[in-house]
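So that the names make sense, note that chain A is the first sequence line, chain B the second, and so on, each numbered from 1.
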Protein chains: 2
Amino acid sequence: MSPRIGLDLPTILEAATEIADTQGFDQVTLAAIAQKFNIRPPSLYNHVNGLQGIRQLLKLHGLTILHSNLSQAVQGKNGDEAVHALSDVYMAFARMHPGLYEATIPAPEVEDQEAVMLGEQIVRIFIEVLQTYGLDQEMSIHATRGLRSICHGFASLEQQGGFGIPLDLDLSQKLVLNSFLAGLQQMKNLL
Amino acid sequence: MSPRIGLDLPTILEAATEIADTQGFDQVTLAAIAQKFNIRPPSLYNHVNGLQGIRQLLKLHGLTILHSNLSQAVQGKNGDEAVHALSDVYMAFARMHPGLYEATIPAPEVEDQEAVMLGEQIVRIFIEVLQTYGLDQEMSIHATRGLRSICHGFASLEQQGGFGIPLDLDLSQKLVLNSFLAGLQQMKNLL
DNA sequence: TTCCAAAAACTAATGTCGTTAGTTTTATAA
DNA sequence: TTATAAAACTAACGACATTAGTTTTTGGAA
């Protein structure tokens with residue numbers, strides 16, 4: 001029932017990930033992957049649903065790692081400590097896996113249930129961390145959007161070479177987070 | 001000295017912009033542009049340096065509009081009012097010209113002096129607005145990075161369909177900005 | 001041990017791109 | 001009226017994704 005066990009999906013995904021992270025997400029082509037294994041591009045269709053399939057897998061892979069890392073990072077933490085841990089791990093992922101990070105950005109198609117769920121779980125981690133600030137339901141969603149925007153904005157601008165001035169980026173990230181969190185505290189006190 | 005005045009660069013740029021904003025930046029192809037004018041793709045090389053040239057033009061065009069809009073928006077304003085005006089105009093641009101906005105994100109090549117300068121001028125607008133908060137040189141850079149990250153993060157996540165929950169996005173943006181600005185005030189008071 | 005079915009590779013072919021080279025057309029300026 | 005130069009064209013090539021159909025291979029059944 002299993003003749004010719006050649007390439008398998010994890011191996012292909014690994015190769016695609018390496019191309020994405022070293023050469024850029026847009027350099028992930030069937031031709032480039034096939035070349036890595038010394039096979040012809042059409043052979044990849046035995047394992048994967050074309051280029052679109054590869055991209056879908058990369059997105060899922062990226063979301064899985066990101067979710068796992070974020071989840072671990074906030075274990076046993078709350079408040080500012082948890083927020084900073086979240087942001088640190090988020091940035092670390094974007095830096096270590098730029099191609100994979102890029103793959104995670106566009107919202108998955110509704111067909112891709114697994115990716116949709118992972119995306120929701122990631123958002124839930126953010127929400128839960130921010131709920132410890134004593135915000136009501138709606139405010140915690142607004143705050144989550146803010147925190148995600150800060151994280152993604154920083155990661156994206158850094159990745160795209162948007163920060164030209166030579167001044168410690170980690171420090172910027174910390175200060176900006178503290179600013180945002182101080183503001184949150186103040187809003188909570190106004191309730 | 002000017003035989004056969006056919007297509008001109010502004011017209012081509014207009015067509016490319018329309019494709020980018022309605023079908024996505026990655027749908028801007030020489031083939032698609034050529035089709036709009038009923039000419040063959042190679043003819044475009046008489047006006048433009050290939051696909052790379054088109055993308056460069058789109059970036060420049062986007063940065064020009066964005067800079068102009070931001071510049072107007074902060075005229076005669078300062079403090080929170082200026083920051084909110086900045087963010088409102090920024091989001092409005094990203095929403096009205098999603099393709100153009102996408103084109104502006106990757107930092108231009110050093111060869112592209114004009115685009116580099118426009119990018120710097122845009123950053124300067126942010127810095128100048130934030131300097132009215134009485135921050136020192138370095139802090140105003142950190143704060144600028146934060147404000148840009150919030151703006152870009154919001155715009156990018158919204159554009160990529162990252163905000164699923166049906167809750168007023170403009171309100172989120174306002175609240176997040178207020179949070180960040182309140183935090184800034186607090187940091188200033190600590191000096 | 002032999003053989004067959006299915007998995008996984010292959011070749012061939014098509015269509016879409018971008019791009020280069022070389023040719024033809026055409027409007028204007030002399 | 002004519003020469004020139006811009007701007008279109010055709011032809012051709014290489015990179016890519018994709019489909020269809022073919023060959024190879026191997027593990028398990030006979």
Is any side-chain heavy atom of B:S149 closer than 4.5 Å to a side-chain heavy atom of A:Q173? no
Can you tell me how far C1' of D:dA6 sits from CD1 of B:I12, to the nearest Å? 13 Å
Would one find a side-chain N or O of B:S43 under 4.0 angstrom from OP1 or OP2 of D:dC9? yes
Give the rounded distance in Å between these two atoms: CD of B:Q56 and P of C:dG18. 17 Å
Just the rounded figure in Å: distance from P of C:dA8 to CG of A:L44. 12 Å
Quick test of your reading of the model: are B:R95 and B:D170 salt-bridged, counting only N-O distances below 4.0 Å? yes
B:I39 CD1 - C:dG18 P separation (whole Å): 13 Å
Taking CG from A:L7 and P from C:dC10, how many angstroms apart are they, rounded to a whole number? 9 Å
note: B:L30, atom CG; D:dC9, atom P; distance rounded to Å ~ 14 Å
Take the protein atom CD of B:Q35 and the nucleotide atom P of C:dT16, then report the distance between them rounded to whole Å. 10 Å
What nucleic acid atoms does B:N49 come within less than 4.0 Å of, heavy atoms only: base, sugar-phosphate, or nothing? nothing
Counting heavy atoms from C-beta on, name the nucleotide in D:dA7, C:dT20, D:dT18 closest to the side chain of B:H47. D:dA7
Going by modelled atom types, is there a donor-acceptor pair between the base of C:dA7 and the side chain of A:N46 at under 3.5 Å? no
Side-chain contact test, heavy atoms from C-beta onward, threshold under 4.5 Å: evaluate it for B:F25 versus B:Y101 and give yes or no. no
Does either side chain, that of A:D80 or that of A:Y133, offer a donor lying less than 3.5 Å from an acceptor on the other one? yes
Distance in angstrom units between B:Y45 OH and C:dG22 C1', rounded: 16 Å
Quick note, B:R40 side chain, CB onward, closest among C:dT20, C:dC17, D:dC9 is D:dC9
Between C:dT19, D:dA17, C:dA12, which one does the side chain of A:P42 approach most closely? C:dA12
From A:L169, A:L157, A:L175, residue fulfilling side-chain contact (heavy atoms from CB on, under 4.5 Å) relative to B:R145: A:L169
